[in-house]
J.: 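Dropping the structure in here first, questions after.
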Amino acid sequence: MPELPEVECVRRSLEPLLAGARVLRAELLRPDIVTGPARARDLLQGTEAVALRRHGKQLAILGRPGRRGGPAPRDREARVLLVHLGMTGQLMLLPAGASPERPGHVHARWRVRRPDGTEHLLVFRDPRRFGGLWTFRSVAELEVRWSGLGPDALELSARDLSTALAGTTRAVKAALLDQRVAAGIGNIYADESLHLAGIHPAARSDRLRAGQVRALARAIPAVLRRSIRAGGTTRRDYTDGLGRAGRAGRRLAVYGRAGAPCLSCGTCLRESTVAQRTTVHCPLCQPLRARGPAGPG
DNA sequence: CCGGACTCCTGTGCGC
DNA sequence: TGCGCACAGGAGTCCG
């Protein structure tokens, strides 16, 4: 369930506490969640966390080699740990000695010491294991991976979106869920963005009018930013890196509201399946066929 | 090559 | 009341 806003809230909550912290120990409890080299060093042990970066739904912790102790040449390299939360993933920072509220399904943990001397435990838990960790030896390697994704959905331009949609016959919602079109949109914010833009989720991507594409390109970042400001959407499990639930769920216009009245027009919201995903839209605000004088025919 | 379908995984909630 | 099944979905893979 974590989509771009939730991952960004995790990033913002953790970065001030992790930046400058020394990773004293990395423990991998379930090796099969890692892709790439998975020794302690690859999991940032011995490095200093310098920054948390996000692209779409992916969160990277950048580790810089320590200066003390004359490390072996191999260990003077930078390390990058990429975290994908999947559906039920959580990355949480706890005071050292504390145990997670729900300790089950903790797959990795890190003991860190901040510059002020306090020690904390960073925990990755993911019951459903749709998420995971990826390790890289450099920021350049991370960027190679990220180059396979489209532009971050917060930075999406009308031009980029227009090009991507013009080249596919898929339903527009299917295109929005494709991380190569825009990185960071999942089922919740696809439905929310399409509702705000007044576009039917099943409309063919390449048949949208220019005005619809522009409206969608405006709606996507607007919906995401509003959710970030409210701390993200918590439906069940999601919390930020300090265990705080988000308040954006109560602002959702369509997701999870099938059968309820549209907040704009009062029409009963309709549930369907698009791109194998539960989809909710307003039949009046989001007509499949364009209305008005600008329409084709 | 494109797009749709299937798969992984487990907690939750509903229906019988 | 309790059991069992359907459902939730990000993203990789497979197949037509």
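Every chain is numbered from 1, with letters handed out A, B, ... down the list of sequences. These numbers come from a predicted model, not from an experiment. Just so it is clear, the values below take in all heavy atoms, side chains as well, and ignore hydrogens, waters and symmetry mates.
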J.: In whole angstrom, what separates A/Y238's OH from C/dG9's P?
T.: 18 Å
J.: Please tell me if A/T88 has a side-chain N or O lying less than 4.0 Å from either OP1 or OP2 of B/dG11.
T.: no
J.: Just to confirm, is there a sub-4.0 Å distance from OP1 or OP2 of B/dC6 to any side-chain nitrogen or oxygen of A/Q276?
T.: no
J.: What heavy-atom pair brings A/A26 and A/W110 nearest, and what distance separates the two atoms?
T.: CB-CD1, 3.5 Å
J.: Relative to the 5' end of DNA chain C, which residue comes earlier, A/H84 or A/T278, by the nucleotide with the nearest heavy atom?
T.: A/T278
J.: For a quick test of reading the model: is some side-chain N or O of A/Y255 closer than 4.0 Å to OP1 or OP2 of C/dG9?
T.: yes
J.: For B/dG11, take OP1 and OP2 only and decide whether either is under 4.0 Å from a side-chain N or O of A/H105.
T.: yes
J.: Could you state the atom-to-atom distance from CD of A/E3 to C1' of C/dG9 in whole Å?
T.: 10 Å
J.: Test for a donor-acceptor pair under 3.5 Å between the base of C/dA8 and the side chain of A/R128, counting only N and O atoms.
T.: yes
J.: Minimum heavy-atom separation for A/H200 and A/V172, please, with both atom names.
T.: O-CG1, 3.4 Å
J.: On a plain distance test, is the side chain of A/R277 in donor-acceptor contact with the base of C/dG10 below 3.5 Å?
T.: yes
J.: Within the side chain of A/H55, is there an N or O that forms a donor-acceptor pair under 3.5 Å with the backbone of A/A183?
T.: no
J.: Can you measure A/I33 atom CD1 to C/dG10 atom C1' for me and round it to whole angstrom units?
T.: 16 Å
J.: Closest approach of A/E3 and A/I185, non-hydrogen atoms and distance?
T.: OE1-C, 3.8 Å
J.: Are the charged groups of A/R12 and A/D240 less than 4.0 angstrom apart, N to O?
T.: no
J.: Starting at atom CD of A/E271, determine the distance to atom P of C/dC7, rounded to an integer number of angstrom.
T.: 11 Å
J.: Using whole Å, report how far CG of A/D178 lies from P of C/dT13.
T.: 15 Å
J.: Distance check needed: B/dT7 P versus A/M87 CE, whole Å only.
T.: 18 Å
J.: Ring of A/F130 versus six-membered ring of C/dA11: centres under 5.5 Å and planes under 30°?
T.: no
J.: Please state how far atom NZ in A/K57 lies from atom C1' in C/dG10, giving the value in whole angstrom units.
T.: 6 Å
J.: Rounded to the nearest Å, what distance is computed from the CD1 atom of residue A/I188 to the P atom of nucleotide C/dG9?
T.: 8 Å
